[in-house]
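Worksheet: one structure, shown below.
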Amino acid sequence: MKEIEKAYEPKKYEDKIYSAWEKSGFFSPDKLKDEPYSIMMPPPNVTGVLHLGHALENSLMDVMARYQRLRGKKVLLLPGTDHAAVATQAKVEKLLMEKGIKNPRQELGREKLLAEVRKYAEGSKKTILSQIRKMGTSCDWSRLAYTFDEDRNKAVNVIFKKMYDDGLIYRGFKAINWSTKGQSTLSDDEIVYKERKAKFYTFKYSKDFPITIATTRPETKLGDTAVAVNPKDPRYKKYIGKTFDIDFVGQKLKLKVIADRGVDIKLGTGALGVTPAHSLVDYEMGVKNDLEMVQVIGEDGKMTLEAGKFAGMSVEKAREEIVKKLKKAGLLKKEEEIDQNVGTSDRFGDIVEVLPKTQWFVAVNKKIPGRNKTLKELMKEAVGKTGVQITPKRFEKIYFNWINNLRDWCISRQIYWGHRIPVWYKDDKIKISDKSPGKGWTQDTDTLDTWFSSGLWTFSTLGWPLTKVIFVRHGQAEGNARGILDGHNDTEWNGLTEKGTKQVLKITGEIKKYGAVKIFSSPIKRTKETAEIIAKELGVEIEFDERIREIGVGKFQGESGDGFTKARTEFYNGGKNGYKIESLEDLEKRAVSFLKDLNKEYAGKTVIVVSHGDPIAYMSGIAEFSKKKIPGDYPPTGSYIIRGIGNNGEVNEDLEEFYPTNWMQMGHEILFFWMARMILMSEYALKEIPFKDVYIHGMLRDEKGNKFSKSAGNNIDPLDVIKEYGTDALRFSLLSGVAPGQDQRFYYEKVTGARNLVNKLWNISRYIMTQKQSSPSSRASAKRESRDLTLADRWIMSKFNNLIVGVTEDFDNFRFSQAGEKLREFTWNDFADWYLEISKIEGGKEKILKDILEKLLILWHPFIPFVTEAIWTDILGKKDLIVAEWPSSFPPLSKGRLGGVLNDFEKIKNIITKIRNLRAENKIEAGKIINIEIISKDEKLFKDNLEIIEGLSKSKTTLKKSASATRIKLLAEKQDKEKNKICFQKELEEKEKYLAVLNKKLSNKEFVAKAPKQVVDAEKEKQKKTEEEVKNIKEQLKSV
RNA sequence: GGACGCAUAGCUCAGUUGGUUAGAGCGUUACAUUGACAUUGUAAAGGUCCGUGGUUCGAAUCCACGUGCGUCCACCA
């Protein structure tokens, strides 16, 4: 065996191991079998590099993916990135501005700016992907996706059209959130509220208006069209319904007094000015009361012409002026300072104005045609009992709370970077299309909210929108019955037989439920007849298409037997022998062209394709055409195969196989942005939940508990941590000592601890594998090799068995931290500190040690993949740890003996610890062998394990049988009597106190009567034991 | 205004459905160390589980109220 380094050196292994993993193919589910298990990576924004939060996410996903893979699942962990529309454009614009381009949008124009953003995004993407690799994430790179690539764009366009057709996406002139700095709309969720001081003005619009109102924004009052009061308010009842023409600081206003139950009688003056154009709440009141909208603030953040003489002023300036005028006119009643939450743009940072604008919205309160439910209702139903499970559960409440407050979602943005809204205009006509419908049409200039495409992530990554195709092979024809080879020509033996007709009727009944919208058929007689039967039964239209006809068999037409084989051979040889037979390539060409067209037109829908043996075998992928062997698998006549057909005409089984996804992890800050939208889109498009389980993790903070942020300058690059401590150490430190949903602090001591642990495991392995065959340190061990298992053996096996069960349970319940804790405890304490030390004494344990080590590495692998792999291959010389078999139990110990073994071994451990303790208390030098006498009723147990006791406590021990519990005597040593006495007294005190507690408990009649019997018995047991111990210590005390 | 979370050893945090003499890691103290590992070993010290009530045979755990910190949401005019 080659030399193994004393310490594990991550740098030497990690990159090498990662590329070996990639090469192995096990990152892809295509090489795995059995039950599918899927996790979608939350795609990081291409706004920069990954931070520690991403490192945490990668660790979480990967620990789960690897665990499931080891459990034998067919795991898909799908990687990707997010174009992050506003975030990315805002970032690039900022960079450009720093370079001196004052207004990038104006100066560069759409195309040039887009090119800049794309360049930045691509660079960022590259960095991010390499960082994900560094984290050891075992994702399937062959399925890498990007929210802004072609396939995802198609998904966006398809769903946009579907929602538009269903009336769920509409265009409307409404009050929306506007970022002046970003020159774009924002959804309600993109607003960050910041607390600030504001002046709260109480005033009258004019002398002749009877109601006093209060506001922090007098300038918006120029756009007021109503005053709202509570219908129950006696002060204002008489005015409700009346309209007043008034003069407000020189501006003519027409104010209607309206009643609204939402108005708080006690707040302010109990009346408020309603500005439908500049407040979302007022807007809703406006809709209810049919109020006019007067826009006094413009998109540039300045007062509009509607604001009369204030036009052109900034909002702040107008406010100042108005207050001045009110004061002068004696209309200002009160001016007080209050704390106010002001909405700001999360990406641009400026204060968000509300103003009216024509935008695109998703209607959340409108019934979906044919489903009699609103999107909001779908979202509500999807979470909880039978739907999505959220860990920890409390986030369900937060989710529902959000849903209840949900308004229509504004999805159009005025920025350039993002999916262009697939809407075209010509005069007053509107068309939804991904490309120009023709001359004179212009596309909407807006782009979509980034969360619109993120919402599709769980299924747009799996090939959606697929066309569901039911490939039907025609029913039995004359030719089939007679064994005659039929090409694509119509011949006299081409019609369906009676049996054929029956076959078709039968399958028609079966495929009815899929709701196909169209039948495509080969025009040849046997398929035509088949298609017609189906069409009649289902009432669906047929379209004949030459591209799915049977292959041309040239001169073999009408042959049977031998000709059949010849024709097939020729088909795969590409018709080289001059028979003029169609080749596989020919078929491929026309079939793929057909399927591509199909997917363009019927994405998201189901169609029936009636065709023949060869084309169906090819199109459905049941035969291995690539190997150019004559396919053995044919669909029999009158049978059908259902397949999803993807963008490139390929068979796509991913959606079928991996949806809904099994598990998703995310931070709580993204719950509404993302989780809610994914649920919305998935329930709407697929009528399914996007994932079965969501695991919410907390936010990472720095060692002081502050958020990581650029401005605070406390950012930590995960790569720096990896460089110094290794990926495994970083991963384990992020996953241990945390509870789901709870924020966690990152500090280096924790990483060091994890690094030490990794190294410990390395050295345990090194020791076990480099041990010379049996080097017993004492006399008896040579004999033992062939003997039965010792107590220590049985103990470690029981412990290990418990570990397997416990860790498995923890993983299954997403208790990663606890699984890690258990593993650490076993590895370091039980296995290394006790068992390994015992093995040095008892000897002959090579096999047990190796067995446990191997299985232990498997248990550890999800957490610390690199070091376990390094040990597995380099030290153990084994292969493919990544798909090793997760241990179920180890080894077969009868349950009855288990408890006894653990108990007995505890006694041994106790004795050893006590002796060590005695040594320390009496300051006996470490190497010295001391003489001990143990007097105990467990004398036999100690005798059987005397070697261990003596070896681990460095003592020479004599045993004496007694009826009572265990006593230890230190012989022939000058003992520190006083100290010993104090020691014993202290112990005695403790024990007596405990005994008193037990006595009290057991003398409580109610306890004995009402507590479960097990509990009472356990307490009695403890009482008995403690009584003995007390007696014992008392005796020892005497002898000191 | 509503909701949620946190408060456990000097520090950072675990603690699944109420049944332990309340745990871990780091730190601290003492001792040890050239054969797996100083990224180590052995031993020890260290807690009124925020407070007050309640439910219960039994509460760190459930309930109510209070205190301090944090987060989210909202028609905060």
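In the text below, chain A, chain B and the rest are named by the order of the sequence lines, each starting its count at 1. Just so you know, these numbers come straight off a predicted model, no measurement behind them.
- For the C1' atoms, the distance from C4(B) to U21(B) is 35 Å, rounded to whole Å.
- Contact annotation for Ala1011(A): base contact, defined as any heavy-atom pair under 4.0 Å involving a base atom.
- Going from atom CD of Glu825(A) over to atom P of G25(B) covers 8 Å, rounded to whole Å.
- Here the C1' atom of nucleotide U56(B) and the NZ atom of Lys1010(A) are 8 Å apart, to the nearest Å.
- The partner of A60(B) is absent, by the rule that a Watson-Crick or G-U pair needs both atom distances under 3.5 Å.
- Lys760(A) contributes a side-chain N or O that forms a donor-acceptor pair with the base of C37(B) under 3.5 Å.
- Pairing of G5(B), defined by two Watson-Crick or G-U wobble distances under 3.5 Å, is identified with C69(B).
- Comparing C57(B) with G18(B), their C1' atoms are spaced 12 Å from each other, to the whole Å.
- Checked against C57(B), U20(B), C4(B), the side chain of Tyr994(A) finds its nearest nucleotide in U20(B).
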Determine, for nucleotides 42-49 of chain B in 5'-to-3' order, which nucleotides have protein heavy atoms under 4.0 Å from the base (write B), from only the sugar-phosphate (write S), or from neither (write -).
SSSS----
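- The side-chain tip of Lys333(A) does not point at the ring of Tyr201(A) from less than 6.0 angstrom away and within 45° of straight on.
- Comparing the P positions of A60(B) and A7(B) gives a spacing of 15 Å, expressed to the nearest Å.
- Glu837(A) contributes a side-chain N or O that forms a donor-acceptor pair with the base of A36(B) under 3.5 Å.
- For Lys199(A), the NZ atom sits in a loose shell: 12 or fewer heavy atoms of surrounding residues, nucleotides or ligands are nearer than 6.0 Å.
- Across all strands, Ile768(A) comes closer than 4.0 Å to no nucleic acid atom at all (heavy-atom distances).
- For A32(B), the paired base is U40(B) (Watson-Crick or G-U wobble, both distances below 3.5 Å).
- Picking from C57(B), C6(B), U39(B) the nucleotide with the shortest atom distance to the side chain of Glu1006(A) gives C57(B).
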Base versus backbone protein contacts along nucleotides 71-77 of chain B [heavy-atom cut-off under 4.0 Å; B, S, -]
-SSBSBB
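- Separating the CG atom of Leu998(A) from the P atom of G19(B) is a distance of 17 Å, rounded to the nearest angstrom.
- Rounded to the nearest Å, the gap between the P atom of U67(B) and that of G51(B) is 16 Å.
- The pairing partner recorded for G10(B) is C26(B), the criterion being a Watson-Crick or G-U wobble arrangement whose two distances lie under 3.5 angstrom.
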What's the verdict on salt bridge (Lys or Arg N to Asp or Glu O under 4.0 Å) for Lys11(A) and Glu9(A), showing C-alpha distance, side-chain angles and the deciding distance?
CA-CA 6 Å; Lys11(A) 266 184 246 172; Glu9(A) 295 166 40; over 6 Å; no
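- Rounded to the nearest 0.5 Å, atoms CZ (Phe826(A)) and OH (Tyr835(A)) are 9.5 Å apart.
- Of the two residues near RNA chain B, Pro740(A) and Tyr8(A), the one whose nearest nucleotide lies more 5' is Pro740(A).
- Counting only heavy atoms from C-beta on, Glu749(A) has its side chain closest to C26(B) among U16(B), G5(B), C26(B).
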Steps toward side chain to side chain donor-acceptor pair (under 3.5 Å) verdict (Asn177(A), Asp188(A))
CA-CA 7 Å; Asn177(A) 305 300; Asp188(A) 295 345; 2.9 Å; yes
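- The C1' atoms of A44(B) and G27(B) are separated by 14 Å, rounded to the nearest whole Å.
- Across all strands shown, U55(B) remains unpaired; no Watson-Crick or G-U wobble contact has both distances below 3.5 Å.
- The shortest distance between the side-chain N/O atoms of Lys397(A) and the OP1/OP2 oxygens of C4(B) is below 4.0 Å.
- Here the two rings, on Phe816(A) and Tyr695(A), have centers that are under 6.0 Å apart.
- Under the 6.0 Å cut-off for aromatic ring centres, Trp762(A) and Tyr13(A) qualify, their centroids lying closer than that.
- Ring geometry for Phe732(A) against Trp860(A) counts as perpendicular: the plane angle is over 60°, on a 0 to 90° scale with 30° as the lower cut.
- In this structure, Lys1005(A) reaches neither bases nor backbone, as no heavy-atom distance under 4.0 Å exists between it and the strands shown.
- Tested against Trp828(A), the residues Ile764(A), Leu761(A), Asn756(A) include a single side-chain contact (heavy atoms from CB on, under 4.5 Å) partner, Asn756(A).
- The nucleotide U20(B) finds no pairing partner, because no Watson-Crick or G-U wobble arrangement with both distances shorter than 3.5 Å includes it.
- In terms of phosphate contacts, Trp828(A) brings a side-chain nitrogen or oxygen within less than 4.0 Å of OP1 or OP2 of G41(B).
- Under 3.5 Å, the side chains of Asp224(A) and Tyr205(A) contain a donor-acceptor pair of N or O atoms.
- Spacing between G15(B) and C6(B) at atom P, rounded to whole Å, works out to 10 Å.
- Separating the C1' atom of U12(B) from that of G47(B) is a span of 16 Å, rounded to the nearest Å.
- Atom CG of Leu757(A) and atom C1' of A24(B) are 13 Å apart (whole Å).
- Using a 4.0 Å heavy-atom criterion, one finds that Gln818(A) contacts the bases of the nucleic acid, with or without backbone contacts as well.
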Determine whether Ser955(A) and Glu950(A) satisfy the following criterion, side chain to side chain donor-acceptor pair (under 3.5 Å), listing intermediate values before the conclusion.
CA-CA 5 Å; Ser955(A) 65; Glu950(A) 291 188 332; 5.6 Å; no
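- We find the CZ-NZ distance between Arg916(A) and Lys954(A) to be 8.5 Å, quoted to the nearest 0.5 Å.
- Across the protein-nucleic acid pair, Lys1025(A) atom NZ and U21(B) atom P stand 11 Å apart, rounded to whole Å.
- The CG-P distance, from Leu671(A) to C4(B), rounds to 15 Å in whole Å.
- At the heavy-atom level, Gly737(A) lies under 4.0 Å from the strands shown only through sugar-phosphate atoms.
- Rounded to a whole Å, the CD atom of Gln1014(A) is 19 Å from the P atom of C57(B).
- In this entry C76(B) has no Watson-Crick or G-U wobble partner, no candidate having both defining distances under 3.5 Å.
- Here U21(B) presents its P atom at 11 Å from NZ of Lys991(A), a figure rounded to the nearest Å.
- The separation of C72(B) from A30(B), taken at their C1' atoms, amounts to 50 Å, rounded to a whole angstrom.
- Using a 4.5 Å heavy-atom cutoff, the side chains of Tyr399(A) and Lys380(A) are not in contact.
- Residue Arg745(A) has a polar side-chain atom (N or O) positioned under 4.0 Å from OP1 or OP2 of U12(B).
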